[in-house]
Amino acid sequence: LEELKTKPVRVGLKDRSCLTLLDYTREEISFLLELAEALKFRRKVRRSDQIENPLLRSKNVALIFEKDSTRTRCAFEVACYDEGAKVTNLNS
């Protein structure tokens, strides 16, 4: 996870929404997949060692989905809660 923090592609992703993969370059998609793998590994290690160091402590996350999807919403909520964030679901 630490080595991903220094990659230049990371800078270009700040403050961007993920609406479609067509909005991203191959390098950005590759970076996001590497990041997902690192976060998944971190979660396994943290659970097995009972280490508590959430990345999103004291952060708020607003979930806005174009289509209602209970499974997707729940997956995002669980991931946010696991990392210490508070979640607000904004649906029309």
Side-chain angles (χ1 to χ4, degrees):
L1 193 56
E2 289 301 316
E3 66 191 38
L4 292 176
K5 289 181 180 179
T6 61
K7 288 200 172 188
V9 72
R10 177 181 180 267
V11 176
L13 296 173
K14 185 172 172 65
D15 296 326
R16 286 177 54 192
S17 297
C18 184
L19 301 178
T20 174
L21 288 178
L22 297 175
D23 294 337
Y24 294 89
T25 65
R26 286 179 183 255
E27 293 79 21
E28 290 170 333
I29 293 169
S30 177
F31 172 80
L32 290 171
L33 292 172
E34 288 177 41
L35 177 62
E37 185 177 28
L39 290 171
K40 190 171 184 177
F41 176 76
R42 180 183 179 275
R43 184 171 178 234
K44 280 184 184 179
V45 170
R46 193 175 73 212
R47 279 196 175 169
S48 64
D49 293 343
Q50 297 301 314
I51 298 170
E52 191 60 33
N53 187 17
L55 295 172
L56 299 176
R57 181 181 296 151
S58 302
K59 302 287 184 189
N60 295 303
V61 176
L63 300 178
I64 306 169
F65 295 104
E66 185 177 346
K67 299 176 184 173
D68 284 339
S69 172
T70 304
R71 183 175 53 194
T72 302
R73 180 184 50 80
C74 288
F76 273 83
E77 284 183 10
V78 167
C80 290
Y81 289 133
D82 281 352
E83 291 299 336
K86 295 182 179 81
V87 178
T88 300
N89 189 16
L90 304 173
N91 281 340
S92 54

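Heavy atoms only: backbone and side chains are in, while hydrogens, waters and symmetry mates are out. These numbers were taken from a predicted model, which means no experiment stands behind them.
For the atom pair CG of L21 and CG of L32, the computed distance is 8.5 Å after rounding to the nearest 0.5 Å. Taking CG of L90 as the start and CD1 of I64 as the end, the distance is 5.0 Å to the nearest 0.5 Å.
A search for side-chain contact (heavy atoms from CB on, under 4.5 Å) contacts involving R16 returns L13, Y24, E28, not counting sequence neighbours. Evaluation of the ring pair (Phe, Tyr, Trp, His ring centres under 6.0 Å) rule for F76 yields F65 as partners, not counting sequence neighbours. A search for side-chain contact (heavy atoms from CB on, under 4.5 Å) contacts involving D23 returns L19, T20, not counting sequence neighbours. Under the side chain to side chain donor-acceptor pair (under 3.5 Å) criterion, T88 pairs with no residue at all, not counting sequence neighbours. In this structure, the side chain to side chain donor-acceptor pair (under 3.5 Å) partners of E77, at least two apart in sequence or on a different chain, are R73.
Considering every non-hydrogen atom in both L63 and V87, the closest pair reads CD1-CG1, 3.5 Å.
Checked options E34, R26, E27; the residue passing with S30 is E34 (criterion: side-chain contact (heavy atoms from CB on, under 4.5 Å)).
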